[in-house]
**Q** 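First the structure, then my questions, so here it is.
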Amino acid sequence: MGSTDSKLNFRKAVIQLTTKTQPVEATDDAFWDQFWADTTTTVQDVFALVPAAEIRAVREESPSNLATLCYKAVEKLVQGAESGCPSEKEKQVVLNCCRILTRILPYIFEDQDWRGFFWSTVPGAGRAGVNELDDDEGARPLAESLLLAIADLLFCPDFTVHSHKRGPDSVESMQSIDSCEYIWEAGVGFAQSPPLNYIHDLNRTELLRLLLTCFSEAMYLPPSSDNTILNPWVTFFCSTENRHALPLFTSLLNVVCAYDPVGYGIPYNHLLFSDYREQLVEQAVQILIVTLEHDGGIPHPPASPSRPENLFVNYLSRIHREEDFDFVLKGLARLLTNPLTQTYLPNSTKKIQFHQELLVLFWKLCDFNKKFLFFVLKSSDVLDILVPILYYLNDARADQSRVGLMHIGVFILLLLSGERNFGVRLNKPYSLHVPMDIPVFTGTHADLLIVVFHKIITTGHQRLQPLFDCLLTIIVNVSPYLKSLSMVAANKLLHLLEAFSTTWFLFSAAQNHHLVFFLLEAFNNIIQYQFDGNCNLVYAIIRKRNVFHQLANLPSDPSSIQKALQRKKKSPDVISRTSSQETVSMEGSHPAVPAEPGTLKASLVAMPGIDKLTEKSQVSEDGTMVAFLRGVLNGSEYWFICSLLSQVLSWKCKLPLQTIMRLLQVLVPQVEKICIDKGLTDESEILKFLQHGTLVGLLPVPHPILIRKYQANAGTAMWFRTYMWGVVYLRNVDPPIWYDTDVRLFEIQRM
């Protein structure tokens, strides 16, 4: 009964606020206390009892009342931060104010005229603790007061952290507390692991939810590649003005990386107990990726009065101890691998849902801290990141609502492939039993990568075509280091070449030939640098030698081009789905499926072309850097064919076929002779012969290894910003913080 009465009273207060035509005085505490004095309203209650239409109505018709509500709620948070919330009632007031501000802030942000409201000064909120109402000098903007109060409250003894009081009479002053002694979890820079307290976790989660809502002003600005535009909330919170910046950054990182969703491994434990730590971890990782986004993807921009240093980026870039790197990497790998875990009891282990945020965090770590990147690549631990990424890519390939996940996974692999050690690590045998609907094979992690990439290209949805360049660039980058491809992987690569080198595909778009250049470059790298162990690939090349001969004799006259284009109209599919020699899929796997009807997705800005994604200084002389596939004919057919003819003539003579044609010239007669002389029809005997063969002194001089390294730019920074905030929007559905508000950074689309 009491709960119903309290909700009724809260609802009455909301109605009073929306119907009052005259401003309510800020000093009318009896009126304002109705919004936070009750002890039984949850955040879900607040969202249900404060409808969007009524918030907008107050904003338009009684703006002073909305302003006073915000001011009074912030004032209560500031008071709670100063007092340390010694009573249960004060704690409840703080939580209720958090919920109300979380509900209201998006409607402040969506209105351009209101966006500056929180950055206006409030009488009496001085920068140096000045509390005189008539002294406005040095007054602090409301946003700063709010952010500092949240930071203080996140290290409030007996509210969000364990008390260190020595006895019943000792007092912990909020003003003098050293929050570095109250870090939430052991890990980076902190050895003690405080006992779990679910009340503290819940309170931290509420405060972090409000903090994330403060940062979300970025959602209400249209996409812009201008990196000088800063998020003022993030800028202030991550500056030296926040005395808790270091312990909070450390707490967030440690809570995420120490989290073990499986717990003690008791089957179905997640159905028996509520895991409050999971909610905290989700909010923590979202706060981390949003604060680390501040610098637009450009590492360490120089600090200046207009661009103060982001301490979170600074702290992340300065982590250097091997034990810290090991803790972070193992934690992220454990969480990323969690959804892949198979058990004999169906649904018996908890499956986390925040893998996209984890991938963005891993990206930030590698991008901002090169020592961490080198640590990741120093051992085969990098494969513990690779396998789950390949799992997510394979699983999401048919679902257009997860195209952003496909991009972030490929981005990470592109970044890793720019380092030699990544290619070397791929030679480790693959022995896991991850449930993927790919052909069963025996081989290495390189084989797994190639097989999954082939599956994405041949059975993914059409919106993945812009990623083909990136996928093949990754294969080219690692190819000089691949010691022994399996027959399955070798056949997949040859199938891709066969599909991409058909005349109708080559001529149907100006950039399509670049995919062939990439594959030829990969073959050349393996032949020149890893010939000895790659008899499977050499055999596959010999079997498909007609593909190379057709490329060498590619017709380039107008009538041939016209015929090829007419064939394209009859068979519009980019790649034949039937000739890929599919075999039985791995045990326990499920086919990739499209999104359920009604699934929400956030739109993304266009991804820059591969030439913008990678270092131009690394481009090979044959100009094999490419932009996106464009399978569309423009203008009249005659002029199109004329322009296409000149393009074909310019790239045809640059096809890097010399090494492969020399290989075929030497080995094909030998293989044919041994087959005739010994009557061989068995594949294994031919492979044995090729295994002991050599091309030393017979091939052209080895070309230099060219690696295309990822490079940050304004376009990728903008892509990451829209993707990251789209994920945050869609993942926060209970309560639905931003649902049905006028976000402008992206569009919410229903599948």
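These values consider heavy atoms only, across backbone and side chains, with no hydrogens, waters or symmetry-generated copies. Remember, predicted model here, so these are calculated numbers, not experimental data.
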**Q** If you define the side chain from C-beta out and look only at heavy atoms, does anything of Leu101 sit under 4.5 Å from Thr213?
**A**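 When only atoms from C-beta onward are counted, Thr213 and Leu101 do not touch, as no gap falls below 4.5 Å.
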**Q** Please identify which of these residues, Arg115, Arg744, Arg56, meets the salt bridge (Lys or Arg N to Asp or Glu O under 4.0 Å) condition with Glu110.
**A**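 Per the salt bridge (Lys or Arg N to Asp or Glu O under 4.0 Å) rule, the option paired with Glu110 is Arg56, out of Arg115, Arg744, Arg56.
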**Q** Just wondering, more than 12 heavy atoms not from Glu747 lying within 6.0 Å of its CD?
**A**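 Counting neighbours around CD of Glu747, 12 or fewer heavy atoms of other residues, nucleotides or ligands fall under 6.0 Å, so no.
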**Q** Give the C-alpha distance, both sets of side-chain angles, the deciding distance and a yes or no for side-chain contact (heavy atoms from CB on, under 4.5 Å) between Leu17 and Ser62.
**A** CA-CA 8 Å; Leu17 185 71; Ser62 308; over 6 Å; no
**Q** What I'd like to find out is whether the side chain of Asn310 reaches to under 4.5 Å of the side chain of Thr235, using heavy atoms alone.
**A**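 No, too far: nothing below the 4.5 Å cut-off.
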**Q** For residues His407 and Tyr723, establish whether the separation of their ring centroids is below 6.0 Å.
**A**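 His407 vs Tyr723: aromatic centres not under 6.0 Å.
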**Q** Ring-plane angle category for Trp725 and Trp738, please: parallel below 30°, perpendicular beyond 60°, tilted otherwise.
**A**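 Trp725 vs Trp738 ring planes: perpendicular.
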**Q** Is there a donor in the side chain of Ser251 and an acceptor in the side chain of Glu185, or the other way round, less than 3.5 Å apart?
**A**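 No - no donor-acceptor pair under 3.5 Å links their side chains.
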**Q** Is there a ring pair (Phe, Tyr, Trp, His ring centres under 6.0 Å) between Trp233 and Phe237 once you walk through the steps?
**A** CA-CA 6 Å; Trp233 297 85; Phe237 191 79; over 10 Å; no
**Q** So do Tyr392 and Pro339 actually touch side chain to side chain, heavy atoms under 4.5 Å?
**A**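 Side-chain contact under 4.5 Å: yes.
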**Q** Using the rule given for side-chain contact (heavy atoms from CB on, under 4.5 Å), can you reason through Phe159 versus Glu90, listing the C-alpha separation, both sets of side-chain angles and the distance that settles it, and then say yes or no?
**A** CA-CA 10 Å; Phe159 182 53; Glu90 287 171 277; over 6 Å; no
**Q** Give a yes or no answer on whether the side chain of Arg99 reaches the backbone of Thr41 with a donor-acceptor pair at less than 3.5 Å.
**A**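 A pair under 3.5 Å: yes.
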**Q** In terms of heavy-atom contacts, does CD of Gln112 have more than 12 from other residues, nucleotides or ligands at under 6.0 Å?
**A**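 Counting neighbours around CD of Gln112, 12 or fewer heavy atoms of other residues, nucleotides or ligands fall under 6.0 Å, so no.
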**Q** Taking OH in Tyr739 as the centre, count heavy atoms belonging to other residues, nucleotides or ligands within less than 6.0 Å. Is the count above 12?
**A**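 Not more than 12 within 6.0 Å, no.
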**Q** Check Asp395 with Arg402, please: is the shortest side-chain N to carboxylate O separation under 4.0 Å?
**A**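 Counted as a salt bridge, because a side-chain N and a carboxylate O are separated by less than 4.0 Å.
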**Q** Would you check if Thr599 and Asp399 make a side-chain contact, meaning some heavy-atom pair closer than 4.5 Å?
**A**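 Answer no - side chains too far apart.
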**Q** Can you tell if the side chain of Leu66 reaches within under 4.5 Å of the side chain of Trp114, non-hydrogen atoms only?
**A**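 A side-chain contact under 4.5 Å exists here.
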**Q** Within 45° of the ring axis of Phe31 and under 6.0 Å from its six-membered ring centre, is that where the NZ or CZ of Lys72 lies?
**A**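 Judged by the rule, Lys72 and Phe31 form no cation-pi pair.
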**Q** Is a donor from one side chain sitting under 3.5 angstrom from an acceptor on the other, for Thr250 and Tyr315?
**A**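 No donor-acceptor contact under 3.5 Å links the two side chains.
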**Q** Can you classify the ring geometry of His164 versus Tyr182 as parallel (below 30°), tilted (30 to 60°) or perpendicular (above 60°)?
**A**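 Plane angle under 30°, so parallel.
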**Q** With the side chain counted from C-beta on, respond yes when Phe236 and Asn242 share a heavy-atom pair under 4.5 Å apart, and no when they do not.
**A**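 Heavy-atom side-chain distance check fails, nothing below 4.5 Å.
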**Q** List the steps, then state whether salt bridge (Lys or Arg N to Asp or Glu O under 4.0 Å) holds for Lys91 with Asp158.
**A** CA-CA 10 Å; Lys91 291 181 174 69; Asp158 286 327; over 6 Å; no
**Q** Counting N and O atoms only, with roles assigned by atom type, does the side chain of Arg334 sit under 3.5 Å from a partner on the main chain of Cys257, one being a donor and the other an acceptor?
**A**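 Yes, Arg334 side chain to Cys257 backbone: donor-acceptor pair under 3.5 Å.
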**Q** Can you tell me how the ring of Phe35 sits relative to the ring of Phe10, calling it parallel under 30°, perpendicular over 60° and tilted otherwise?
**A**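 Perpendicular.
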**Q** Test Thr42 against Lys7 for side-chain contact (heavy atoms from CB on, under 4.5 Å), laying out the working first.
**A** CA-CA 10 Å; Thr42 64; Lys7 289 177 186 176; over 6 Å; no
**Q** Would you say that Leu212 contacts Arg209 through its side chain, given a criterion of any heavy-atom pair below 4.5 Å between the two side chains?
**A**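 Leu212 does not reach Arg209 side chain to side chain.
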**Q** For Gln44, does the CD atom have more than 12 heavy-atom neighbours from other residues, nucleotides or ligands under 6.0 Å away?
**A**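 For Gln44, atom CD is crowded (more than 12 foreign heavy atoms under 6.0 Å).
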**Q** Taking C-beta and beyond as the side chain, do Asn732 and Gln283 meet within less than 4.5 Å on heavy atoms?
**A**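 Side chain of Asn732 against side chain of Gln283, heavy atoms only: contact under 4.5 Å found.
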